[in-house]
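A, B, ... follow the sequence lines: proteins, then strands. Residue 1 opens every chain.
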2 protein chains.
Amino acid sequence: MQVMAGTVFSTPLAGSAGAMLALIRSGTATTRSALAQVTGLSRSTVSQRVEALIARRLVYEAGDGASTGGRRPTMLAFNADAGVILVGDLGATHGRVAVTDLAADPLVEMAAEVDIATGPDAVLGWLEETFARLLDETGRDRSEVTGVGIGLPGPVEFATGTPVSPPIMPGWDGFAVPARFRERYGVPVLIDNDVNIMAAGEHWARYRHVDDLMFIKVGTGIGCGIVASGRLHRGAQGAAGDLGHVQVAGYPEALCRCGNLGCVEAVAGGAALARDLAALGLDASSSRDVVRLARAGEPEAGRLLREAGRVLGEVLAAAVNLINPAVLVIGGDVAEASEQLLAGIRESVYQRSLPLATRHLQIVRSGLGDRAGIIGAASMVIEHVLSPAVVDAQLAAAAP
Amino acid sequence: MQVMAGTVFSTPLAGSAGAMLALIRSGTATTRSALAQVTGLSRSTVSQRVEALIARRLVYEAGDGASTGGRRPTMLAFNADAGVILVGDLGATHGRVAVTDLAADPLVEMAAEVDIATGPDAVLGWLEETFARLLDETGRDRSEVTGVGIGLPGPVEFATGTPVSPPIMPGWDGFAVPARFRERYGVPVLIDNDVNIMAAGEHWARYRHVDDLMFIKVGTGIGCGIVASGRLHRGAQGAAGDLGHVQVAGYPEALCRCGNLGCVEAVAGGAALARDLAALGLDASSSRDVVRLARAGEPEAGRLLREAGRVLGEVLAAAVNLINPAVLVIGGDVAEASEQLLAGIRESVYQRSLPLATRHLQIVRSGLGDRAGIIGAASMVIEHVLSPAVVDAQLAAAAP
């Protein structure tokens, strides 16, 4: 089997209605004559396909454009209100849920305490109810739901939406998450790791022009999402980006929840920092306490975050050499709480990475904060349901 | 600018002649009626496009297939003799040059001592002469050359074919390598890092069914090529895969040629092993001496290679966690010389990587040995010159 065959099969006709929608969405061709020019198709074929998109409400006529001599052309625009996406970003103890439009902009969103360890029935039942309630709030109908996207705090086999041996999710191993949402809404349901969707969110909202990006989440633990050549890199088992359990030098006694010694997460993660702050006599038992102390300007918290940044930066230096991203985005609540962590990361990365790999490297804080996950989940679903192949298949199914 | 737009623009019509060539090459559709079925185009349109491919000698009629009731269909086959590719794999002191057919099979090849440090004029002049001589040997004409592919021992900006601050290539920084070959042959000239083309070669020849693969080269230094989602991952500056300068624990005094201390290359690379063997009183001053001593069964060489494998394996464990490849291929002359290095790598990777990332991980020796580079360079050029977009453009240019 040749690599090229797959490329051809996943590719619809360049002049299909779905492909035209992509041209309109991107602003590449926004009139019927521009579409005819770009696709090489006749004006009548273009008009016919545009009518199909208008009939599905995916495209609307946005008024007249500038004349180029003759009649003013009618501008075509993508209708981001043609449907809604239901998205959930589930962490260990915390969830964020939203209904977004087809531009990944939340119409309504909420956050709540939810313990992932209560298992899939309880958590997904809660999520289902929350989806229904938020959908009600938007006044949109169930029939308008175009897709569902959910992030989970563990490794996920993306093709089936199934968690695979997730360490902090008892009861979820091998559970087929999409089924119950697919039954209820009859739409595509995509499940991914929470850090992957955060990476997707930053890429979609702030760095869509960049091909290679890494997103590092520092919360209770440490995780990483990789965008390579413009797409999420999930790896052979969907386990890519597991950076928290890389061994660092100089901490042979730091016991990690994975059972190994000296993992970067056991030194620089939020739980490890809470442990170290407690040992100094401060009131800290979780990463939230670290966040609280850092925000309060506690000097020991600042000092430990700086050192954590240096240690994490050594691991990131190796990752930067290996992957050569254009942007390294640092997020997660511990990272958000203090400039010290980022400063320490920068110190190590610029010291240890190769000049060529850091020449144009940006190391930045997350711009989306705790909304990165829901925006990323929405963008992942949107890229799927609005892809030319899926749009064409839907139009074909809807044709009389 | 949306991500999807680029996808559409780089995509030719699914039923174009170039796309049909891809279907024939892959064996997906090898008769005119199968092509009509797969593309949804009329039999006459298919026949017209197939004729264009036959006229360019890219496709030939390979006899009659099995009948499915009516007339026996004529089988179509890709003609790997429709052109030749000139390829060179240049190392620090050694070069391999070949002329291959369009299936990346070498028609003639040779290896020679060539010192990359003599600069681009001398080295590329030699390469140009060697190409001409080898082409003569095949009896093929200059007009049959379809593309040129060259690997260089340093970072390369792939889009322009220009080395970027290559540490062991004085005089090459910023030198536009493609120009002289493009002038002479008037065909696409692709330049890449030597380890990238080795990774591409292993992927093409042995693991084309695998999406995610890492190739590790252990020679004088240590390098890495990454195939992600079926394609070479080059990174933002073409610097991806630089694994040799990751810092390892426990060797604070090992001075690396990059100026840092404790790089894995300064501990486990061929030059480092030669240094350590010489310190033990053995006759070793280069990685070739390491190879010689290892092949001769010198116990100290075996012991050091085992330990080098363990140290390199710690770095690879982190890379496996991050990238989650399905296959880790270990090549380069030092790796080829002994089972000990591979054994040490396996030991560390399986000990330190996450269970999910190693559950199905294969760690194997290179199956192509020192031919990985030329086969990879040829495959890279072939994938480009036979891509639907390029074939369609050529057919359009050749049309009367």
Side-chain angles (χ1 to χ4, degrees), chain A residues 1-5 7-8 11-15 19 22-23 25-28 155 164-165 208-209 211-212 224 226 228-231 233-243 245-247 249-250 258 260 314-315 318-319 321-326 352 354-357 359-360 383 387-388, chain B residues 1-5 7-8 11-15 19 22-23 25-28 155 164-165 208-209 211-212 224 226 228-231 233-243 245-247 249-250 258 260 314-315 318-319 321-326 352 354-357 359-360 383 387-388:
Chain A
M1 189 67 183
Q2 300 249 5
V3 173
M4 294 175 79
T7 313
V8 172
T11 301
L13 285 168
L23 293 169
R25 279 179 74 209
S26 67
T28 308
V164 187
S165 312
R208 225 178 293 183
H209 57 288
D211 278 344
D212 301 299
C224 163
I226 302 167
S229 305
R231 295 190 300 182
H233 172 71
R234 298 188 172 91
Q237 269 74 42
D242 216 323
L243 186 127
H245 304 283
V246 170
Q247 193 173 22
C258 77
N260 270 321
E314 284 171 26
V315 173
N321 284 351
L322 198 62
I323 291 175
N324 185 204
R352 285 298 318 185
L354 297 170
L356 181 58
R359 189 182 287 178
H360 302 292
E383 290 290 10
S387 68
Chain B
M1 188 70 183
Q2 300 249 4
V3 173
M4 294 175 79
T7 314
V8 172
T11 301
L13 285 167
L23 293 169
R25 278 179 75 210
S26 67
T28 308
V164 186
S165 313
R208 224 178 293 182
H209 57 288
D211 278 343
D212 301 300
C224 163
I226 302 166
S229 305
R231 295 189 301 183
H233 172 71
R234 298 189 172 91
Q237 269 73 42
D242 216 323
L243 186 127
H245 304 283
V246 170
Q247 193 174 22
C258 76
N260 270 322
E314 284 172 26
V315 173
N321 284 353
L322 198 62
I323 291 176
N324 185 205
R352 286 296 318 184
L354 296 170
L356 181 59
R359 189 182 287 177
H360 301 292
E383 291 289 10
S387 68

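From Arg352(B), atom CZ reaches atom CD of Gln247(A) across 3.5 Å, with rounding to the nearest 0.5 Å.
Looking at His245(B), the atoms closer than 4.5 Å to chain A (heavy atoms on both sides) sit in the backbone and in the side chain alike. The part of Asp212(B) that comes within reach of chain A is its side chain, from C-beta onward, which places non-hydrogen atoms under 4.5 angstrom from that chain.
Listed here is the closest heavy atom pair of Ala236(B) and Pro325(A): CB-C, 3.9 Å.
The choice from Ala228(B), Gly241(B), Ala326(B), Gly238(B) that makes the most heavy-atom pairs within less than 4.5 Å of chain A is Gly241(B). Heavy-atom pairs under 4.5 Å with chain B were tallied for Asn260(A), Leu243(A), Val246(A), Val315(A); the largest tally goes to Asn260(A). In terms of non-hydrogen atom pairs under 4.5 Å with chain B, the most contact-rich of Ala239(A), Ala249(A), Ala357(A) is Ala239(A).
Asp211(A) pairs by the side-chain contact (heavy atoms from CB on, under 4.5 Å) definition with nothing, not counting sequence neighbours. Remark: Gln237(B) engages Asn324(A) in a side chain to side chain donor-acceptor pair (under 3.5 Å) (not counting sequence neighbours).
Between Ser229(B) and Arg234(A), the closest side-chain pair of non-hydrogen atoms is not below 4.5 Å. The closest side-chain heavy-atom distance from Ile323(A) to Leu322(B) is below 4.5 Å.
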